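Below: the structure, in structure tokens.
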Amino acid sequence: MKLLEVAAPDFDLVRTLDSGQVFHWEKCGDGFAGAIGSSGVYVEQQRNRLLFSGTTAKVIAKYFSLDHPLAEICRSFPRDPAMTAARDFCRGLRIIRQPVWECLATFITSSMKQVAHIRQISLTLRKRFGTAKMIYGSHVHVFPSAARVAQRTEEELRECALGYRAKNLLATARCVASGEADLNSWRMLSDEELRGRLCELPGVGPKVANCVMLFAYERLRAFPIDVWIERVLKQKYFPRKRKVTAAQLRAFCETYFGEQGGYAQQYLFHHARKGGAANGTK
DNA sequence: CTCCAGGGATGAT
DNA sequence: ATCATCCATGGA
């Protein structure tokens with residue numbers, strides 16, 4: 001099979017796909033097999049370009065946000081030791097543009113789960129309910145649509161190891177499938193309005209809403225605070241302080257990290273998770 | 001075995 | 001507004 005190519009300067013595919021923002025790409029030969037929307041896709045990196053099949057260069061460039069001015073974004077980060085170390089560690093990591101529904105659904109299943117298990121849940125949902133596509137010699141399953149998930153029962157979803165999250169995923173799928181929640185029309189809302197709408201969905205609170213805003217709605221200011229980021233913030237930005245409330249952390253992140261706060265957050269997250277050695281206790 | 005994970009909903013201060 | 005508890009499951 002012949003691969004197409006697209007220029008991808010200042011990009012690191014492995015780092016981007018391993019940073020806990022997307023959960024369905026599997027290593028395959030020299031690259032990865034996965035899906036973008038309803039297309040099965042294979043993609044690998046060779047220096048400053050991507051070789052791919054299954055879709056168009058335009059779709060690849062948009063999905064991986066190759067248009068983001070990464071150097072400029074990194075220059076906007078605050079100058080402090082923690083941020084500088086994260087920036088050096090995460091060179092080429094980009095915040096991608098995921099289809100909204102699959103991003104929303106996946107993060108509903110992410111609550112109190114490790115990345116490895118979120119990936120496992122995604123795989124099970126796709127294998128059971130998603131359409132199979134043949135790509136580059138192996139087959140991948142695309143993420144099932146909201147309508148497809150909405151047809152299932154809570155019991156069937158629980159059989160995918162979802163636990164208590166099954167009820168929330170099903171309820172949200174039914175909201176989306178019925179049109180009660182029109183995810184696409186929400187693109188025109190302000191950040192605050194969008195966050196409000198997302199938080200009305202079952203199983204979606206501030207953290208998941210911010211993830212969906214950042215990874216699917218291109219709101220690069222959204223700053224998800226999970227257990228890892230909370231540790232980093234308390235340790236690096238509020239050392240020697242006994243009580244730091246959630247509200248204090250939120251206020252600090254909004255003002256301190258600025259317009260590209262979501263990128264800063266993702267770099268701090270990935271560095272904390274994969275950086276090794278510096279993972280502080282408590 | 002224990003501890004913890006990219007949290008949210010609910011009910012009590 | 002903040003805090004406690006419960007919720008399933010599996011990796012480390």
Side-chain angles (χ1 to χ4, degrees), chain A residues 15-25 86 90 93 95-96 98 102-125 128 153-173 175 181 195-217 219-220 222-236 241-253 257 261-277 279-282:
Chain A
R15 206 166 271 164
T16 297
L17 294 183
D18 191 37
S19 67
Q21 56 176 318
V22 66
F23 303 91
H24 70 279
W25 292 91
C90 298
L93 197 172
I95 303 281
I96 71 176
Q98 297 180 47
E102 63 182 65
C103 181
L104 171 63
T106 306
F107 275 98
I108 286 174
T109 71
S110 77
S111 137
M112 291 301 292
K113 279 294 177 189
Q114 296 181 153
V115 170
H117 197 224
I118 301 168
R119 295 177 57 86
Q120 189 54 52
I121 290 172
S122 168
L123 180 61
T124 305
L125 288 172
R128 293 207 182 173
T153 66
E154 182 180 333
E155 227 1 87
E156 287 178 292
L157 295 183
R158 275 184 178 264
E159 285 166 10
C160 301
L162 281 174
Y164 63 88
R165 306 156 192 85
K167 183 196 295 269
N168 292 329
L169 179 61
L170 182 59
T172 291
C175 280
R195 188 177 292 107
R197 298 307 297 268
L198 287 169
C199 286
E200 290 173 6
L201 297 169
V204 180
K207 190 271 174 182
V208 169
N210 279 321
C211 284
V212 176
M213 290 173 68
L214 180 59
F215 302 135
Y217 282 102
R219 309 301 172 103
L220 299 186
F223 199 104
I225 299 178
D226 74 319
V227 291
W228 288 90
I229 287 294
E230 186 174 333
R231 268 201 298 269
V232 171
L233 292 175
K234 287 180 175 174
Q235 199 170 296
K236 306 292 185 182
K241 194 156 192 195
R242 267 203 313 113
K243 281 290 187 184
V244 186
T245 67
Q248 281 178 297
L249 288 181
R250 272 203 314 276
F252 172 74
C253 294
F257 294 100
Y263 255 99
Q265 176 277 152
Q266 192 62 14
Y267 278 35
L268 289 171
F269 174 80
H270 186 62
H271 181 49
R273 246 173 47 85
K274 298 288 185 171
N279 296 350
T281 56
K282 215 162 53 154

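This is a predicted model, so every value here is computed, not measured. Lettering of chains follows the sequences in order, A, B, ..., and the numbering in each one begins at 1. The figures here come from the full heavy-atom set of this structure, side chains too, leaving out hydrogens, waters and symmetry mates.
Under the 30°/60° scheme for interplanar angles, the aromatic rings of A:Phe215 and A:Phe107 are found to lie parallel.
Across the strands present, C:dG11 finds its partner in B:dC3; the criterion is a Watson-Crick or G-U wobble pair with both atom distances under 3.5 angstrom.
A:Arg165 comes within contact range of at least one nucleobase, with a heavy-atom separation under 4.0 Å. A:Gln266 comes within 4.0 angstrom of a nucleotide base, judged by non-hydrogen atoms across all strands. Within 4.0 Å of A:Ala166, counting heavy atoms only, lies no atom of the nucleic acid at all. Using a 4.0 Å heavy-atom distance criterion, A:Ser19 is classed as a base contact. Within the nucleic acid shown, A:Gly20 comes within 4.0 Å of at least one base atom, counting heavy atoms only. Residue contacts shown for A:Ile229 include a base, since a base heavy atom lies under 4.0 Å away.
Close approach of DNA chain C to chain A, defined as any atom under 4.0 Å from a non-hydrogen atom of the protein, starts and stops at C:dT2 to C:dG11.
Remark: the backbone N or O of A:Val212 is not paired with any side-chain donor or acceptor of A:Tyr217 at under 3.5 angstrom. Looking only at distances, a side-chain donor or acceptor of A:Thr124 sits under 3.5 Å from a matching main-chain atom of A:Gln120. Judged by distance alone, the side chain of A:Arg165 and the main-chain N or O of A:Ser111 form a donor-acceptor pair under 3.5 Å.
Look at A:Phe107 and the base of B:dG6; the rings do not stack under the cut-offs of 5.5 Å between centres and 30° between planes.
Annotation: of the two residues near DNA chain C, A:Ala161 and A:Ala247, the 5′-most nearest-nucleotide partner is A:Ala247. Toward the 5' end of DNA chain B, the nearer of the two residues A:Val204 and A:Lys113, judged by each one's closest nucleotide, is A:Lys113. Along DNA chain B, the nucleotide nearest to A:Ala116 and the one nearest to A:Glu200 differ in position, and the one closer to the 5' end is contacted by A:Ala116.
To the nearest angstrom, C1' of B:dA9 lies 11 Å from NZ of A:Lys167. B:dG6 atom P lies 17 Å from atom NE2 of A:His271, rounded to whole Å. Here B:dG8 presents its P atom at 12 Å from CG of A:Leu104, a figure rounded to the nearest Å. In this structure, NZ of A:Lys207 is placed 17 Å from C1' of B:dA9, rounded to the nearest angstrom. Nucleotide B:dG7 holds its P atom 17 Å from the CG atom of A:Leu198, rounded to whole Å. For the pair A:Met112 CE and B:dG6 C1', the interatomic distance rounds to 11 Å; values are reported in whole Å. Here the P atom of nucleotide B:dG6 and the CD1 atom of A:Ile108 are 18 Å apart, to the nearest Å. Taking atom CZ of residue A:Phe269 and atom P of nucleotide B:dA5, one finds them 11 Å apart after rounding to whole Å.
Look at the P atom in both B:dG6 and C:dC6: the space between them is 23 Å, to the nearest Å. Separation of the P atoms belonging to B:dG11 and C:dA8 is 16 Å when rounded to the nearest angstrom. Taking the P atoms as reference points, C:dG11 lies 23 Å from B:dG8, given to the whole Å.
Side-chain contact between A:Phe223 and A:Ile229 is present, with heavy atoms from C-beta onward closer than 4.5 Å. In this structure, A:Leu268 and A:Phe257 have side chains that are in contact, with non-hydrogen atoms separated by less than 4.5 Å. When side chains are defined from C-beta on, A:Arg273 counts as touching A:Val115, because their heavy atoms get closer than 4.5 Å.
A:Ser19 and A:Gln21 share a donor-acceptor pair across their side chains, judged by distance under 3.5 Å alone.
For A:Ser110 and B:dG6, a side-chain-to-base donor-acceptor distance below 3.5 Å is absent, hydrogens and geometry of angles not being considered.
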